[in-house]
2 protein chains.
Amino acid sequence: MNAGSRLGETLRRGEVLAPECPSREILKHVTSRWGVLTLVALMERTHRFSELRRRIGGVSEKMLAQTLQQLEQDGFIRRVSYPVVPPHVEYSLTPLGVGIGRQVEAMTDWIEINLPEILKAQQRQPSSRPNADQTPPAAT
Amino acid sequence: MNAGSRLGETLRRGEVLAPECPSREILKHVTSRWGVLTLVALMERTHRFSELRRRIGGVSEKMLAQTLQQLEQDGFIRRVSYPVVPPHVEYSLTPLGVGIGRQVEAMTDWIEINLPEILKAQQRQPSSRPNADQTPPAAT
DNA sequence: CATGAGGCTTACCTTTTTGTAAGTACTTAC
DNA sequence: GTAAGTACTTACAAAAAGGTAAGCCTCATG
């Protein structure tokens, strides 16, 4: 019953390309530096705050907290806090979160798999191009 | 022969989560504010510079040029310049570019399709949470 | 002859993002 | 008694991203 990730014929494509599309905001959260990695980490399993902090290399407490709050606000993440003496808070993906989680993970997986080829392609590029034309003249 | 987007058993997952993983850099280009939209636009068809500028709502010349250069450098975009009198430059995706293009498009499509549900979820969230515990006490 | 199109680059400035360090509160371990 | 773990928040500062406006080159148009 929930919408899958395939295009239905009902989707008018490319609304994201319009400057006022609300998708832009969501996209910003999801594709933010730590948003991507947080979703990937939570695809593995539920984590508590400090576990996530250790799992996601390089993230600061501040940014992790902020990222989690955004994704929770968007309904992607569920936060469960146990009021015990050393605080205990668990973060996990909601069904909606598993949805983009899959997309984001597919993307990062693709990049990891194709890294060698990308690196090769990078080396083929001259890296600077003040004015390099690839092809001979043609009519206007 | 080229690696698809599915996980092979050879992938050690989660290297992106390591701070020094080179994938991080690629990810940054791909998921940048204008990188995503540029890839989506180029999935439709080849565009020239000013067409892209008009297609991608809100992008400035400076940022579009910069984004295109990064993606070209990564081997995702092919730039063909015809040295005719009013300059004519065409941008299109390389086979590698079609690869992440697919992933990125799947992601934006998912967001567009599920936007209504996301918006509903957002409204359910209290939006501020100084200290909201979801569950009763439990033992340490 | 001034203007505009097309594809950029550069300088300069504003906004946003990210990081660092420290603080809070409470309890167990040393 | 003091340090450490847990989950954050806040203030301040540095870095990065983004925007604006102008310039460059050359031909066709009015």
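In what follows, every chain begins at residue 1, and chains take the letters A, B, ... in the order their sequences are listed. Remember, predicted model here, so these are calculated numbers, not experimental data.
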Selected nucleotide, minimal atom distance to A:S60 side chain, candidates D:dT6, C:dG19, C:dC8: C:dG19
Of the listed nucleotides D:dG18, C:dG19, D:dA7, the one nearest the side chain of B:R33: D:dG18
Please determine if a side-chain N or O atom of B:R54 lies less than 4.0 Å away from the OP1 or OP2 oxygen of C:dA5. no
Provide, to the nearest angstrom, the distance between the CE atom belonging to A:M63 and the P atom belonging to D:dA7. 19 Å
Distance check needed: C:dC26 C1' versus A:H88 NE2, whole Å only. 17 Å
What is the distance from OH of B:Y82 to P of C:dG7, rounded to the nearest Å? 12 Å
Give the rounded distance in Å between these two atoms: CG of A:L52 and P of D:dC8. 10 Å
Just N and O in the side chain of B:R48: are any of them under 4.0 Å from OP1 or OP2 of C:dG6? no
Can you see if the side chain of B:Y91 gets near the phosphate of C:dC8 - specifically, an N or O under 4.0 Å from OP1 or OP2? yes
A:W34 or A:P87: which one's nearest nucleotide on DNA chain C is closer to the 5' end? A:W34
From D:dT6, C:dC8, C:dG6, nucleotide with atom closest to B:S50 side chain: C:dG6
Approximate separation, where rounding is to 0.5 Å, of B:Q103 CD and B:E105 CD: 10.5 Å
So does B:R79 get a side-chain nitrogen or oxygen closer than 4.0 Å to the phosphate oxygens (OP1/OP2) of C:dC8? yes
Taking atom types as modelled and ignoring hydrogens, do the side chains of A:R55 and A:H47 form a donor-acceptor contact shorter than 3.5 angstrom? no
Given D:dT9, is OP1 or OP2 found less than 4.0 Å from the side-chain N or O atoms of A:Q66? no
Nearest whole angstrom, please: distance from the P of C:dT17 to the CG of A:L37. 17 Å
Pair A:E51 + A:R48: basic N to acidic O under 4.0 Å: no
When rounded to whole Å, the CZ to P distance for the pair A:R53 and C:dT18 reads 15 Å
Closest approach to the side chain of B:F49, judged atom by atom: which nucleotide of C:dG19, C:dC8, D:dT6 is it? C:dC8
Closest heavy-atom pair, B:G75 versus B:L96, reported as atoms and distance to 0.1 Å, is O-CB, 3.7 Å
Let's see if you can work this out: which of C:dG7, C:dC12, C:dG19 has an atom nearest to the side-chain heavy atoms of B:K62? C:dC12
Short question: side chain of B:E112, backbone of A:S23 - any donor-acceptor pair under 3.5 Å? no
Between C:dT18 atom C1' and A:L68 atom CG, what is the distance in whole Å? 16 Å
In whole angstrom, what separates A:I56's CD1 from C:dG19's P? 12 Å
Comparing A:E61 with A:K28, nearest DNA chain C nucleotide closer to 5' gives the residue A:K28
